[in-house]
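Throughout, a chain's letter reflects where its sequence line sits, starting with A, and its residues are numbered from 1. Nothing here was measured: the structure is a model prediction, and the numbers come from that model.
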Number of protein chains: 2
Amino acid sequence: MSAKCILEFDLIPMKKDTLQTIAERTGFSKSTVSRVVSGQGRRYRISEAAISKIQDEIRACGYTPDLIAQGLRTRRTNTVGLTIPSIDNPFFASLSGNIITRLKRCGYNILLSDSMETEENERAAINSFVSRKVDGIIAVPVSKSPSFIEGVSASIPVVLIDRYYENTFLPYVCTDNYAGARRATEYLLSKGYRNIMAIQGVRSSMPNKERVNGFLDAVRLGGTPDAEGFVTGDSFSVENGAREIEAVLSAGRKIDAVFAFSTTILLGVIRSLREHGLRIPDDVAVVSFDDNVFLDYMDPPISRVAQNTDRMGEATVDILMKLMSSSGSGGESGMEDGQMLIMPELIIRGSC
Amino acid sequence: MSAKCILEFDLIPMKKDTLQTIAERTGFSKSTVSRVVSGQGRRYRISEAAISKIQDEIRACGYTPDLIAQGLRTRRTNTVGLTIPSIDNPFFASLSGNIITRLKRCGYNILLSDSMETEENERAAINSFVSRKVDGIIAVPVSKSPSFIEGVSASIPVVLIDRYYENTFLPYVCTDNYAGARRATEYLLSKGYRNIMAIQGVRSSMPNKERVNGFLDAVRLGGTPDAEGFVTGDSFSVENGAREIEAVLSAGRKIDAVFAFSTTILLGVIRSLREHGLRIPDDVAVVSFDDNVFLDYMDPPISRVAQNTDRMGEATVDILMKLMSSSGSGGESGMEDGQMLIMPELIIRGSC
DNA sequence: TGTGGTTGCGCAATCGATTGAGCAAAAGTA
DNA sequence: TACTTTTGCTCAATCGATTGCGCAACCACA
């Protein structure tokens, strides 16, 4: 009790040190102290004696620059804003973790916002990033149109990830969804499956469109004229997966394989198939999009198109760092090399 | 191309507006504009005419206060620092999502740091929070000792979550790990299981210790004198789960139930049991700690002690808000009502 | 002694917003 | 008319760090 009081009396006044107080205590000016603190002593010809005296004092009182004041003066905050649709989604969690770790290594802190898939939250988050003068923004965009983000990118570098827009100069990093879906479908065909059902997510999103294209191209161009494929569904949810299986089975349509476009859809598929007494892969084969450690522990383990979150995070941070160092705005340099697709990995397990 | 140039010329100068420029354009002073912007016009007797003229101009040019400058002047940043051991862990992801959403509702932004279970990263993150003048800190601490965080809490409110320390005045919100482990074990006993193996995680952590206590108390005080329970293992990892099962089986020890102290441990257990051809729950029953949607889709679905991340997030944010509004420091008020345990839910499925 | 160069450091403006104090004009009161 | 009160707004200091410019002291050299 009394110990705590002493603690507070010790700490609260102690925290008051600033360039000014250190200057007074060492007998130098704020300017000199500032230059020593930022390690620019030699460059500004501060004497060795002065440097070490000031450094001693700094160490003694544990001084740390006020990053708010610094940010005001320098217009750099060493902060990056990150907005994602849902941190609960393991794919985004993995992506975020990767990005956060890499940016920390570069000396940046992260302002994180969860847009919960709404455009309103996304705009609010990005506006907040702008007002907070972040040095850069990484976004998994949920808005239909890129125009708002394009406007922001005129003054702050922006990199999109996972989702993107057609006809935009905004740099992005995405999985090659077309290639992933096509490869997985071709694998199913090569194993002899002929009636393949794909269950898609949000139809308007680019990744979903690309997956549909990859799936349909594989079926059409696969060289197996007896193959049939169809696409159904409309959201990345468990219910969507279950509902669509239900619909197909009760319509009596024949299927021997299902391609779920997300792990959530997959769960619905599994539930519904089980309820109908259908076994995987004997009655129906299953492939999914997205990776997750649990998929290896299902019975049977699930084959899947695994997005490489590690490389996606790496590429995103690389691009952003380049943009941030080259200029204040994302303008020119994004056009040439800022848009890239990461190849996903097809992981084969017992489900097909 | 030329369109983009026009865009930039349009936007970059536009972003230059500040209280000063708006003051000049409307003919009032910075003070007056500031008061109107912050909605204090009436309180400071600004005339209706002036208010609406200024508001029109603000809307016209899309002015937004510079939060860095505001933070410097007011010493409030409307920002909370959050540090967790690993965003990849679904439990922490869920907790973070909850906290972020709630804090946003209260007008706070989040600086997120992933300490990757190292004390060094944790200290760096918290120091950065302090330098950035966050209004409060929420931490899932990984350090052995609370002293560093206690020091910080003298000047900034801190709330711990999930993990905590003995003999500290720091406020915390945790699952009642003792009660959760005890209830799950009692359930196993009630179903007739008599040789129960518990596989624990990091031994020094409080949650783990409490789970061990709850488990052992249930076995000892359960009123079933023929029951036997033992605890083994040393980390929250898949490998730990597999290794301990392996060891027990190859030692020929008889077990009819396993209590895994985390989902990762559970996965190792499942893998190892399968490799030995043992079936769940017929040969060995299984219960786990932590919730996850996948557990319902395993075969069989896994019984578990589900931590209530929703209530934990709610309680944490409530406590922090109270601390932040009551005073600058976390000092006194944390003692009485700042330490609370949240009861977990026992979810029964087919694994036991 | 005068000129020029170097060394070592301080002055003061600046970033953009906030806020207590205060002032001029208008309105009210006696 | 003189005095007080209210209205409506401005002034200027402040938060803490950065940085271009410049000055004094010292040395070298002729």
Side-chain angles (χ1 to χ4, degrees), chain A residues 14-55 57-58 61-78 130-135 155 328, chain B residues 14-55 57-58 61-78 130-135 155 328:
Chain A
M14 190 178 96
K15 279 294 118 192
K16 284 302 298 170
D17 30 46
T18 150
L19 283 189
Q20 182 64 43
T21 65
I22 295 180
E24 283 160 10
R25 262 178 283 151
T26 56
F28 293 97
S29 72
K30 286 198 305 180
S31 326
T32 303
V33 176
S34 171
R35 297 198 242 251
V36 170
V37 168
S38 62
Q40 310 243 298
R42 251 142 281 239
R43 227 160 73 56
Y44 284 93
R45 300 183 312 221
I46 312 296
S47 67
E48 294 299 328
I51 290 183
S52 58
K53 182 169 181 188
I54 291 173
Q55 281 181 338
E57 178 60 27
I58 286 168
C61 69
Y63 168 80
T64 271
D66 182 319
L67 265 23
I68 298 292
Q70 200 172 63
L72 177 61
R73 181 57 227 241
T74 63
R75 311 272 74 198
R76 296 195 70 242
T77 53
N78 295 305
V130 173
S131 295
R132 290 191 138 77
K133 298 284 179 290
V134 296
D135 297 331
S155 50
Chain B
M14 188 179 101
K15 278 293 117 194
K16 285 299 301 169
D17 37 39
T18 149
L19 282 189
Q20 181 65 41
T21 66
I22 294 180
E24 284 160 9
R25 261 177 283 150
T26 56
F28 293 97
S29 72
K30 286 197 307 180
S31 325
T32 303
V33 177
S34 171
R35 287 173 175 135
V36 170
V37 168
S38 62
Q40 310 243 297
R42 253 142 279 241
R43 228 161 70 58
Y44 283 92
R45 300 182 313 221
I46 312 295
S47 66
E48 296 298 328
I51 290 183
S52 57
K53 181 167 183 191
I54 291 172
Q55 282 180 337
E57 178 60 28
I58 287 169
C61 68
Y63 169 79
T64 271
D66 182 320
L67 266 22
I68 298 290
Q70 198 172 64
L72 176 61
R73 178 60 226 241
T74 63
R75 310 274 73 200
R76 296 195 70 243
T77 53
N78 297 303
V130 173
S131 295
R132 289 190 139 77
K133 299 284 179 293
V134 297
D135 297 331
S155 51

Comparing B:Arg45 and B:Leu67 on DNA chain C - which has the more 5′ nearest nucleotide:
B:Leu67
Nearest-nucleotide wise, let me know which of B:Tyr44 and B:Tyr63 is further upstream toward the 5' end of DNA chain C.
B:Tyr63
Just N and O in the side chain of [X]: are any of them under 4.0 Å from OP1 or OP2 of [N]?
X       : N      : value
A:Ser34 : D:dT18 : yes
A:Thr18 : D:dG16 : no
A:Ser29 : C:dC11 : no
B:Gln70 : C:dT18 : yes

Nucleotide of [options] approaching [X] most closely (side-chain heavy atoms):
X       : options                : answer
A:Lys30 : D:dA13, C:dG8, C:dA13  : C:dA13
A:Arg73 : D:dG16, D:dT18, C:dC9  : D:dT18
B:Lys16 : C:dT19, C:dG16, C:dA17 : C:dG16

Take B:Arg75 and A:Asp66 through the salt bridge (charged side-chain N to carboxylate O under 4.0 Å, His left out) test and state the conclusion after the steps.
CA-CA 11 Å; B:Arg75 310 274 73 200; A:Asp66 182 319; 3.1 Å; yes
Do A:Leu67 and A:Thr77 have side-chain heavy atoms sitting under 4.5 Å apart?
no
Donor on one side chain, acceptor on other, A:Ser29 and A:Thr32, under 3.5 Å
yes
